[in-house]
Structure formats: C-alpha cells, structure tokens
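Please read the structure below before turning to the comments.
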There are 2 protein chains.
Amino acid sequence: MDTSLDMKSSGMKNKRPTLQDVANLVGVTKMTVSRFLKNSDQVSPPLRIKIKEALDDLGYIPNRAPDILSKSKSHAIGVLLPSLTNHVFAEVIRGVESILEPAGYQTMLAHYGYSQEAEESRIATLLSYNVDGLIISESYHTERVRKMLSVAGIPVIEIMDSTSPPIEQAIGIDNQAAAYAMTECMIKKGHTKIVYFAARMDQRTLLRLQGYKAAMHDNGLTEMCISTDSASSFSLGEQFMKEALEKQPDTDGIFCTNDDLAIGALFACQKAGIKVPEEMGIAGFHGHDIARVMVPLLATVITPREEIGRLAAEHLLSRLKGNPVTEKVINLPFKIEPGESI
Amino acid sequence: MDTSLDMKSSGMKNKRPTLQDVANLVGVTKMTVSRFLKNSDQVSPPLRIKIKEALDDLGYIPNRAPDILSKSKSHAIGVLLPSLTNHVFAEVIRGVESILEPAGYQTMLAHYGYSQEAEESRIATLLSYNVDGLIISESYHTERVRKMLSVAGIPVIEIMDSTSPPIEQAIGIDNQAAAYAMTECMIKKGHTKIVYFAARMDQRTLLRLQGYKAAMHDNGLTEMCISTDSASSFSLGEQFMKEALEKQPDTDGIFCTNDDLAIGALFACQKAGIKVPEEMGIAGFHGHDIARVMVPLLATVITPREEIGRLAAEHLLSRLKGNPVTEKVINLPFKIEPGESI
DNA sequence: CCATGAATTGTTACCTGTAACATTAGCATA
DNA sequence: TATGCTAATGTTACAGGTAACAATTCATGG
C-alpha cells in the first residue's frame, strides 16, 4: 500500500475515477480490475461481483490515454477532407463511419478548406493524437506533408480521384474521364455552345475542366469557362447563369463542376423563362439526392461517394491488420445520368 | 546515459521519432529539446540551431499522448450529433469548428443515428479519449449518460432545442414555438386542411409536431400527421405527398418537419400538376440553401444553425477557462420566411 | 503430507513529454 | 579570491492501463 492511494480516496478534486480508485474500493490491485475489464474469466467469481459493483458505483469510464502512450495505438482514424459541409464529403464520411464504427475505431475528422497550409497543420494535429491511420483527399501535397506521413509510419489512403500517382494507395474515380463523358453526352443531345461552370478551383475541378475541354476540342467546339475561387452554392449557379448569357447570349448548354451550381443555374432559367432542356441543357456532377426528384430531373454524373468512403475504411483496416497494399489505385465506375435536363 | 537510448538510435522498426531521438542526435537531454519547443529563449543560441536542424531532419511530430495522460488535457472537444450527413448538422459543425479550430482545439465528431443506446456508447468513447468538453444534442439522456457526464467532470453543452431543462447549459431555438408560428402563418394565408409530414420521430420533430397541433387546435382546425421512423429524404417527401392526397384528397397545405421533405413534396406537386401555392401550400423547416433559390421559393423557418454551433463552442471555451455558466438556457430567434410556396 | 500445477492475485516496468527541483557554468561585484 | 547571482542544462518523478513476470493459494494425486 503506498500512501498516495489514501490521498486519492480522500477529498481532493472530483477527478474522474481511475482503475486505482476502483481497486481501492474493492481492496485489490488495479491489475485485477484491469483483468476483469479485459477478460473477466481471469478473475474469481466472488471478486467479479464486487468489482462490477465498484465500477458502477464510481461510474468508471475507460481511458485510452495510457494505451495510446505505451502502445501508440489510439484506435482512432484521421479523416481529412477539404470541407465538411459539402454533401459530397458528408456522404464519404458516412461511408467511412459505416465501416470504422462497428470495427471499434473512432473517427477524427478535420477539414482544411482547400488550403495547403491548413492541410499541413491539420495533418500534424491528427498525427499528434496518434491516429492509427489516415484517409486524406486531393493528391497534391507539400514536401512537409509527405515527410510527416512517411515518418509517421501509419497507413495512408488518398480518396476522390484515381488518376494521380498515390503516396501509398488511392481510391476514387477518373474525374477527367467522367467530365469528358458527360460533355460528349450533351454534345450528342445537340448542345454545342456549352459553358463550364467551376467554383473552388481544386484539383478535381481542374481535372473535370480538362475532360470538358478535351471533349469540346475533339468535337471541334469552342470551350468557355466561368469560374471563381470562392465556395460553390446554389445562388452562385444562378449568378453564373446570368453571367453566361451576358457573355455569350447563344449559350445552349451548361456543364457544372457540381450539382449545386447546376441546380442554381436551372432555377435561374426557370425564373428567366428559358426552357430546359429545349433552349438550355444543364448538367451537374455527383448525383445530389435532389437531382433525382426535381423537375426536370437533373442530368448528372453519379459518383460512388459513399462507396469511396467504405472502401477506404476497409482497405485501411486491412492494412492495420498487417496486410500489404494489393491495389495501389482503385478506380471506381461513375454513371452518366442524362435525366431530363439535357 | 542509459542503454535504452542506444537501442532506439539503432536499427529497430522505423518508429516515429520522439523527443529522445532528437535529443540523442543533438547530444542533449530531451528536456532541453522540450524547452526549445515550448520557449526557445530558454535554450542557448548555438543549441537552438542544432535542435532545429535535428527536428527537421528527423521530421519530429509533436505527441499529445503524454500530455493527455499526465494532465488529462487533450485539447479535443467531443461533438455528438444524431447524424453527420444531414445538412442541418453539417452547418452546426461548421459553426463549432469556426471557433474551436482557431483556438487550437481539435474536434472529435461522433454520431448516434438517433439511438439512445448508441449515444451511451459514443459518449463513453469520446470520454475515453479525454475530451476536454462535450457538445451534445437532444435533451433526453439515459441515467448512465447522465452519470458518465457528471463523473467526467468536463463542461457539457446541449444544443438544438432550448425548452427542456439542461444538464448544465443549453443553446438552441424553441422548436414548438417555431412550428406554431409557421402553422399560423399558413392558416392566415388561407390554408385549412394542413397535414404535418414527419420523419425520424426524434425529440425536436415531436416538439414541432406539438406546435403544429396547438396552432391547428387554437384555430379550430383538424390535425393530421403522416410520419415514419426512417430517415428523411427528398423522395420520402414525394411519397408522403401522394399518401396525403390519397388519405385526404382536399388537403390544401403541407407543413414538413424539414426542408428535404418539403422540397420532395413540392416537386411531387409539380409532377402532378398541382399548383403551389394556389392549390397547395407547402412549408419546410430550417432554411436549406436551396429553399432560397428554387421556384417557387420555399416557405421555411430559418434557424440559426451555424450560430448555435458557434455559440456552443464559445461558451464551452469560456467554461474551459474557468468561467461559470452565466445563462443556463440560450434561446435564439428563428425567422418565418413565407417565400412563395404558401 | 508433500510435490505439482493450475488458478488467482500481486509487482514491476514501460510508453513520452514536462513540472519541479537540482546542478553546473559563467560572470560580476565586493 | 570568495560570494552571489543568473543562465543553461540535467535529473527525477509522474500520469494510467497493461504486458510480463513473480508470488501466492488451493486442490489433487502419489
């Protein structure tokens, strides 16, 4: 018996009870209580009852901190995304959690608002909590980020795009091919003066823009792009639509880097009395739920967002079990949904 | 010099470098490196240069685990919400992070899918990571949850609703009053056969339902509710609309517990050729971005979701600084936006 | 009645950063 | 030169759970 035990059981601050507190109450060492919690078979039946009572009585809450410190196993996975409010990433998160949560892993979410500087700092923060693995997005990372990831010695999976060479493993879609396919689809439907709407010029938007440009070029059509660095929104789509009609009054098609812009553009047409798709074809990207109920149904590229999250989590868990990377790049299929708006 | 140092600097696994590794490289004790990191003034100028080089060289990443263990200060805040994909909660999260992130706190998000059992387990998990404070939603908690929270000894803030008595502090709106106000607004516009659409019968939906019922009753009208326990979606709104017209063909108003259902219902009317608002008034709840651009503009209750998150985070930080709870309940205003759909 | 071994409980050490205290070096003043 | 003081660095202990090893108990069989 060391004297500090008496200190703890006496007055003091009302600090959260530790295994030692429980052990004191029962009259055993904390090791015995620890055994009870991990595998009660190792403890004699009479003690089991007393320990259970003491745990309930004190309201003992397990503490991961010592484990994290001594084994560097936090059972937490860091997920770093550009934005948390964007519904696309919200669905990725849902996919990730649907796998991690039943596996007993806690998700630590962070976002960096498309800033590389913020990305560095968020990754350092996640690593400072000893996350067991990381799911990150984008594919361009600073040297410091790459160094941190390599030094950390934990599995890393990059998600959303499947074209750039991954650090270790990437899961996503071919954004450029998807944009090419949708643009071609619009062209086949008879649209020729197609304008591309882009917000937040991140890597994936740029890849889609390239796909659009390639398709226009291959069909002998002239490209035109309206873009901004600020965040995308429904009202931005409305605003861009007006801008497009001013700059190029005979515009007959709009391809947007996401559904938010497309929906905004579509409503702008409705307000202006422009018939969709007769006078104006409009297509979005990602397959927002609303696109599947609205009138007219929005043409969009349906992307497997939730599956990207699920797969990323599954592959991460597999690697945490010690399995090697089997496929460096997992390229998931997208689907062109013509809807009624092109 | 203890021998374990030599072990570390030799081969072994490529474990993430510790302060000890950096110290070995420089030829000082880890305490000196620790001082450099916290306050480089305490280290002599020549050493500063060598330590900085060693840190960069090894790619040292700070480790919060020891701090969490010895001071139980994790600089992480747990945020527990019913759902992460719902845009309402996504905006709450944005508000929370806008305050916590600049203050140097990491957000640990968790969700419980409206299940009380899951809530218990998620709170235990968050506490096991020694979060410094908790932001939780709903107001009904099991005895075990209340015990855990009291034992944990950290500040807790409940968000979203402002009517139930809080554990410590609550920040939100009066859902019942908001629903009452919107129902009255619909009645004043001439709608009388108003049906309430509800999904996921959580506490806030029930409060809104009560507000709707009270308003109908006070105006001598007959209430009718269509509901389900499953999650809300745009297509569910469509389906409910059909159901309402079957059960009560002369329905002339729909008040939905959220905008998703309302938007689905509105598109269902468009498809069925029912004029909104002439033949059918439709109102939602929360003020989804899309409600402000769509045609017709959706009537909705605009709620300060982001501000709820911001305020919760601010009050939590204030309490972490040792300030007492000043206002047990913070009741934020909502705004009835009639739009063009009622 | 003691040896053997299984079952149960105890002891020690460890993980990493840092607070608190201790020591040493360096320099100025009496 | 001794004294006192500051600046710079070192030493020790600690947080809480658990792996690894040690000790104790108790029953069983020879």
Side-chain angles (χ1 to χ4, degrees), chain A residues 1-5 7-9 12-13 15-24 26-51 55 58 60-75 127-130 132 152-153, chain B residues 1-5 7-8 12-13 15-24 26-51 55 58 60-75 127-130 132 152:
Chain A
M1 271 283 186
D2 81 67
T3 51
S4 69
L5 304 192
M7 293 268 299
K8 276 176 195 165
S9 48
M12 302 287 286
K13 291 278 153 48
K15 254 193 74 217
R16 158 174 163 179
T18 67
L19 273 196
Q20 186 64 261
D21 298 325
V22 179
N24 291 346
V26 179
V28 293
T29 60
K30 56 182 182 167
M31 195 61 225
T32 305
V33 184
S34 171
R35 286 196 184 96
F36 173 84
L37 288 173
K38 303 222 85 178
N39 181 6
S40 60
D41 289 355
Q42 292 176 28
V43 176
S44 65
L47 259 188
R48 283 182 214 167
I49 297 165
K50 287 171 75 179
I51 291 176
L55 286 168
L58 294 177
Y60 175 76
I61 304 161
N63 185 355
R64 277 198 199 276
D67 239 50
I68 297 174
L69 184 54
S70 55
K71 289 190 279 298
S72 292
K73 280 277 162 260
S74 61
H75 274 249
L127 292 176
S128 80
Y129 285 99
N130 291 276
D132 293 345
Chain B
M1 271 285 188
D2 81 69
T3 51
S4 69
L5 305 191
M7 293 268 298
K8 277 178 196 163
M12 302 286 286
K13 290 280 153 48
K15 255 193 72 215
R16 158 174 164 181
T18 66
L19 273 196
Q20 186 64 259
D21 298 326
V22 179
N24 291 347
V26 178
V28 292
T29 60
K30 55 182 181 167
M31 195 61 226
T32 305
V33 184
S34 171
R35 287 196 184 96
F36 172 84
L37 289 173
K38 304 221 83 177
N39 181 5
S40 61
D41 290 356
Q42 291 177 28
V43 175
S44 64
L47 260 188
R48 284 181 213 168
I49 297 164
K50 287 171 75 178
I51 291 175
L55 286 168
L58 293 176
Y60 176 76
I61 304 161
N63 184 356
R64 278 198 198 276
D67 239 50
I68 296 174
L69 183 56
S70 53
K71 288 189 279 299
S72 292
K73 280 275 163 258
S74 61
H75 274 250
L127 292 176
S128 80
Y129 285 98
N130 291 279
D132 293 345

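Keep in mind that what you see is a predicted model, and the values were worked out from it rather than measured. Lettering follows sequence order; numbering is per chain, from 1.
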Fill in: Spacing of B:Phe36 atom CZ relative to D:dG10 atom P, expressed in whole Å
15 Å

Fill in: Residues forming a side chain to side chain contact (heavy atoms under 4.5 Å, CB included) with A:Lys50, sequence neighbours excluded
A:Val26

Discussion item. According to salt bridge (charged side-chain N to carboxylate O under 4.0 Å, His left out), does anything in residues 63-75 of chain A pair up with another residue at least two apart or in another chain? List the pairs.
Written reply: A:Asp67-A:Lys71

Fill in: Heavy-atom closest contact (A:Asp132 atom, A:His75 atom, distance)
OD2-N, 2.8 Å

Worksheet item: In whole angstroms, how far is the P atom of D:dT18 from the CG atom of A:Leu69?
Response: 13 Å

Discussion item. Taking any heavy-atom pair under 4.0 Å as a contact, classify B:Leu47: base, sugar-phosphate, or nothing.
Written reply: sugar-phosphate

Worksheet item: How would you list, by chain and number, every residue that makes a side chain to side chain contact (heavy atoms under 4.5 Å, CB included) with B:Leu19, sequence neighbours excluded?
Response: B:Lys30, B:Val33, B:Ser34, B:Leu37, B:Tyr60

Worksheet entry | Atom-to-atom span, CD of A:Gln42 to P of C:dA7 - whole angstrom | 11 Å

Item to complete: Would you please name every residue forming a side chain to side chain contact (heavy atoms under 4.5 Å, CB included) with B:Ser70, sequence neighbours left out?
Response: none

Discussion item. Under a 3.5 Å cutoff, is there a donor and acceptor pairing between the side chains of A:Asn63 and B:Ser128?
Written reply: no

What N/O pairs connect the protein and nucleotides 17-24 of chain C at under 3.5 Å? Give each pair on its own line.
residue: C:dG17; atom: OP1; partner: B:Tyr60; partner atom: OH; Å: 2.6
residue: C:dG17; atom: OP2; partner: B:Leu19; partner atom: N; Å: 2.7
residue: C:dG17; atom: N7; partner: B:Lys30; partner atom: NZ; Å: 2.8
residue: C:dT18; atom: OP2; partner: B:Ser34; partner atom: OG; Å: 2.6

Worksheet entry | A:Thr32 vs C:dG10: side-chain N/O to OP1/OP2 distance below 4.0 Å | yes

Worksheet item: Nearest-Å distance, CZ (A:Arg16) to C1' (D:dA15)?
Response: 13 Å

Fill in: Spacing between B:Asp41 atom CG and D:dA7 atom C1', to the nearest angstrom
12 Å

Worksheet entry | d(CG, A:Asp21; C1', D:dG17) in whole Å | 13 Å

Discussion item. Using the side chain to side chain contact (heavy atoms under 4.5 Å, CB included) criterion, which residues pair with A:Asp41? Sequence neighbours excluded.
Written reply: A:Asn39

Worksheet entry | Whole angstrom value for the distance that separates C1' of D:dG17 from CD1 of A:Ile51 | 15 Å

Fill in: Distance-minimising heavy-atom pair for B:Asn130 and A:Arg16
OD1-NH1, 3.6 Å

Discussion item. Considering every strand and a 4.0 Å limit on heavy-atom distances, what is the contact class for A:Thr29: base, sugar-phosphate, or nothing?
Written reply: base

Fill in: Terminal axis angle for the helix from C:dC1-D:dG30 to C:dA30-D:dT1, five pairs an end, nearest 10 degrees
70°

Worksheet item: NA contact type, A:Val28, heavy-atom cut-off 4.0 Å: base, sugar-phosphate, or nothing?
Response: sugar-phosphate

Worksheet item: Rounded to the Å, how far apart are B:Lys73 NZ and D:dA15 C1'?
Response: 14 Å

Response to the item:
Heavy-atom closest pair (B:Leu69 atom, A:Leu69 atom, distance to 0.1 Å) is CD2-CD2, 3.1 Å

